[in-house]
Each structure stands twice: as C-alpha cells, then as structure tokens.
Engineer: 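The structure's right below; bear with me while I get my questions together.
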Amino acid sequence: GVWYAAQVAACSLYLGEGQHVRPMVENARRFMAAEQTPEGGFTSELKRKQSQGYSIYVVMAYQTLARCGGETGDDLWHHTTANGRSLERAVAFLAPYLAGDKAWGWADIEAGGPVSLRAFLVSRLAEKQYPALASTLRRAADRALLENRKSVTVPIQLLMDGSPAR
C-alpha cells in the first residue's frame, strides 16, 4: 500500500539509494488514481470506523512520498493523474473538515473528540505547497493544536512557525 511505498522511499533516501524512490512515487500515483474519489477522499478510508483519522493518515503517507520525491525530482505535490486525482485534491477535501468549517459526514467512532494532532502535520506541510488553501489549512492546524494542547509537549510557538519561542 501507500505507507509501504512511503517507508521504502524514506529508507532508500536515508541509505543513499535514491534510485528506489521513483518506483515508489509511481506506485503512489497508481494508488491515487485507483483509490481517490472525484471529491478527493479515499474510498477505503471513508469506509472505516475511524474514517477521519485514517483519511488524515493516508494523506500523511502521500505527503511523505511527495517529500521523498522532491529529493529526486519527482513532484507528487503537484501531480494530477489522468483521471483528475491529486494530493492537492485530497488536502482540499480534508481541509474544511479539519478546520471545523464542515461536519465530518462519514462513520467515525471518534466523532466529537478532538481532531487528530496528525491534522496539524498534514495542514502545515500542505500550507507551503497550496497557497490557495493556506487560510483554511492554518485554521485546521490551529484547531488541532488547541484541541490537543494538553498532550503537546513542545512549545506551541515552535510548532506554529518553526522557530523557538522568544
């Protein structure tokens, strides 16, 4: 699956075996074309009992692959498949839910709890790639931090802008 591809790509870069990244990015493009809905969600994840958490998690895998591909000249951040699927579409799909602008409409046994702290990571990484979504993604990141403030063990300022609190 997509997380396997992300792990192979990341480990390959770490080991200096960058030639293994491109096949993993190509796998991700095929997975995206087959699994992503026209709206941007992922069919398998939306069927799960923790659909929002798994939807965030799969986007994290694609972002990991996009970051690895960026090291080898394979741009997954801005790639669109022949059937119109893309990482940007996946992020645009999730963003209003993560920001609290829309209520999650799929089964989720964690509904009503705080949005996953993974939403912070997805939002902050995507914000740099997709300026048109930046405002919504910033609100999503802020919401994730605020709803999880008791479990965050690093200074909030460091997470917000990447610089140490002064």
Engineer: Set out, in order, the CA-CA distance, both residues' side-chain angles and the distance that settles salt bridge (charged side-chain N to carboxylate O under 4.0 Å, His left out) for Arg139 and Asp101, then state yes or no.
Structural biologist: CA-CA 9 Å; Arg139 286 196 325 279; Asp101 298 342; 2.3 Å; yes

Engineer: Go through the steps for Gln129 and Glu127 under the test side-chain hydrogen bond (donor to acceptor under 3.5 Å, both in side chains), then give the verdict.
Structural biologist: CA-CA 5 Å; Gln129 298 295 326; Glu127 182 183 328; over 6 Å; no

Engineer: For Ser123 and Ala119, work out which heavy atoms get closest and say how close.
Structural biologist: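 Looking at all heavy atoms of both residues, the shortest contact is OG-O, 2.7 Å.
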
Engineer: Between atom CZ of Phe42 and atom CG of Leu94, what is the distance when rounded to the nearest 0.5 Å?
Structural biologist: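 If I round to the nearest 0.5 Å, the distance is 8.5 Å.
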
Engineer: Does Arg143 reach the main-chain N or O of Leu98 with its side chain, forming a donor-acceptor pair under 3.5 Å?
Structural biologist: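 Yes, the answer is positive, given that a donor and an acceptor are paired below the 3.5 Å cut-off.
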
Engineer: Measuring from atom CZ of Arg29 to atom OH of Tyr62, what distance do you get when rounded to the nearest 0.5 angstrom?
Structural biologist: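 If I round to the nearest 0.5 Å, the distance is 11.5 Å.
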
Engineer: When rounded to the nearest 0.5 angstrom, what distance separates CH2 in Trp77 from CD in Glu88?
Structural biologist: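 If we round to the nearest 0.5 Å, Trp77:CH2 and Glu88:CD are 11.0 Å apart.
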
Engineer: Applying side chain to side chain contact (heavy atoms under 4.5 Å, CB included), run through Tyr130 and His78 and close with a yes or a no.
Structural biologist: CA-CA 9 Å; Tyr130 310 123; His78 302 100; 4.1 Å; yes

Engineer: Please check this pair: side chain of Glu35 against backbone of Thr43, looking for a donor-acceptor N/O pair closer than 3.5 Å.
Structural biologist: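 No, because the side chain of Glu35 does not come within donor-acceptor range (under 3.5 Å) of the backbone of Thr43.
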
Engineer: Quick one: do Tyr54 and Trp3 end up in the same hydrophobic cluster if we chain Ile, Leu, Val, Met, Phe, Trp and Tyr together by side-chain heavy atoms under 4.5 Å apart?
Structural biologist: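 Result: no, two separate clusters.
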
Engineer: Do you see a donor-acceptor pair shorter than 3.5 Å between the side chains of Gln52 and Gln50?
Structural biologist: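 No pair is found: no donor N or O on one side chain lies under 3.5 Å from an acceptor on the other.
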
Engineer: Measure across Ser55 and Leu46 and return the closest heavy-atom pair with its distance rounded to 0.1 Å.
Structural biologist: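 Minimum heavy-atom separation between Ser55 and Leu46: OG-CD2, 3.7 Å.
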
Engineer: What closest approach, in Å, do Val58 and Glu45 show between heavy atoms, and which atom pair accounts for it?
Structural biologist: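 The pair with the smallest heavy-atom distance is CG1-CG, 3.7 Å.
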
Engineer: Checking the side chain of Arg22 only, and the main-chain atoms of Asp74 only, is there a donor and an acceptor separated by less than 3.5 Å?
Structural biologist: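 No, Arg22 side chain to Asp74 backbone: no donor-acceptor pair under 3.5 Å.
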
Engineer: Distance from Leu137 atom CG to Phe120 atom CZ, nearest 0.5 Å?
Structural biologist: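 So the gap between those two atoms works out to 11.5 Å.
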
Engineer: Any chance you could lay out the side chain to side chain contact (heavy atoms under 4.5 Å, CB included) test for Asn27 and Tyr4, step after step, and finish with the verdict?
Structural biologist: CA-CA 10 Å; Asn27 283 343; Tyr4 170 80; 5.9 Å; no

Engineer: Minimum heavy-atom separation for Asn83 to Ala33, with atom names?
Structural biologist: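 Minimum heavy-atom contact is ND2-O, 2.9 Å.
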
Engineer: Test of understanding: clusters of I, L, V, M, F, W, Y form through side-chain heavy atoms closer than 4.5 Å, transitively. Do Trp106 and Ile109 belong to the same one?
Structural biologist: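 No: no chain of side-chain contacts under 4.5 Å links Trp106 to Ile109.
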
Engineer: Would the number of heavy atoms belonging to other residues, nucleotides or ligands and lying under 6.0 Å from CZ of Arg67 be above 12?
Structural biologist: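 Open: at most 12 neighbouring heavy atoms sit under 6.0 Å from CZ of Arg67.
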
Engineer: In Å and rounded to the nearest 0.5 Å, what is the OG1 to CZ distance from Thr80 to Arg89?
Structural biologist: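 It is 7.5 Å, given to the nearest 0.5 Å.
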
Engineer: Sub-3.5 Å donor-acceptor pair from the side chain of Thr81 to the main-chain atoms of Arg85, do we have one?
Structural biologist: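 Yes.
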
Engineer: Nearest 0.5 Å please: distance from the CG atom of Asp142 over to the CD atom of Glu147.
Structural biologist: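 So the gap between those two atoms works out to 11.0 Å.
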
Engineer: Quick one: do Val21 and Glu71 satisfy side chain to side chain contact (heavy atoms under 4.5 Å, CB included)? Show the steps, please.
Structural biologist: CA-CA 9 Å; Val21 174; Glu71 295 294 318; over 6 Å; no

Engineer: Check the pair His79 / Leu87 against side chain to side chain contact (heavy atoms under 4.5 Å, CB included), numbers first and verdict last.
Structural biologist: CA-CA 7 Å; His79 176 78; Leu87 180 51; over 6 Å; no

Engineer: Pick from Leu125, Val59, Thr136: which one makes a side chain to side chain contact (heavy atoms under 4.5 Å, CB included) with Val91?
Structural biologist: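 The residue from Leu125, Val59, Thr136 that satisfies side chain to side chain contact (heavy atoms under 4.5 Å, CB included) with Val91 turns out to be Val59.
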
Engineer: Using every non-hydrogen atom in the two residues, find where Leu76 and Ala28 come nearest and quote the distance to one decimal.
Structural biologist: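 That closest heavy-atom pairing would be CD2-CB, 4.1 Å.
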
Engineer: Any idea which heavy atoms bring Ser51 and Trp104 closest together, and the distance?
Structural biologist: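 Where Ser51 meets Trp104 most closely, the heavy atoms are OG-NE1, 2.7 Å.
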
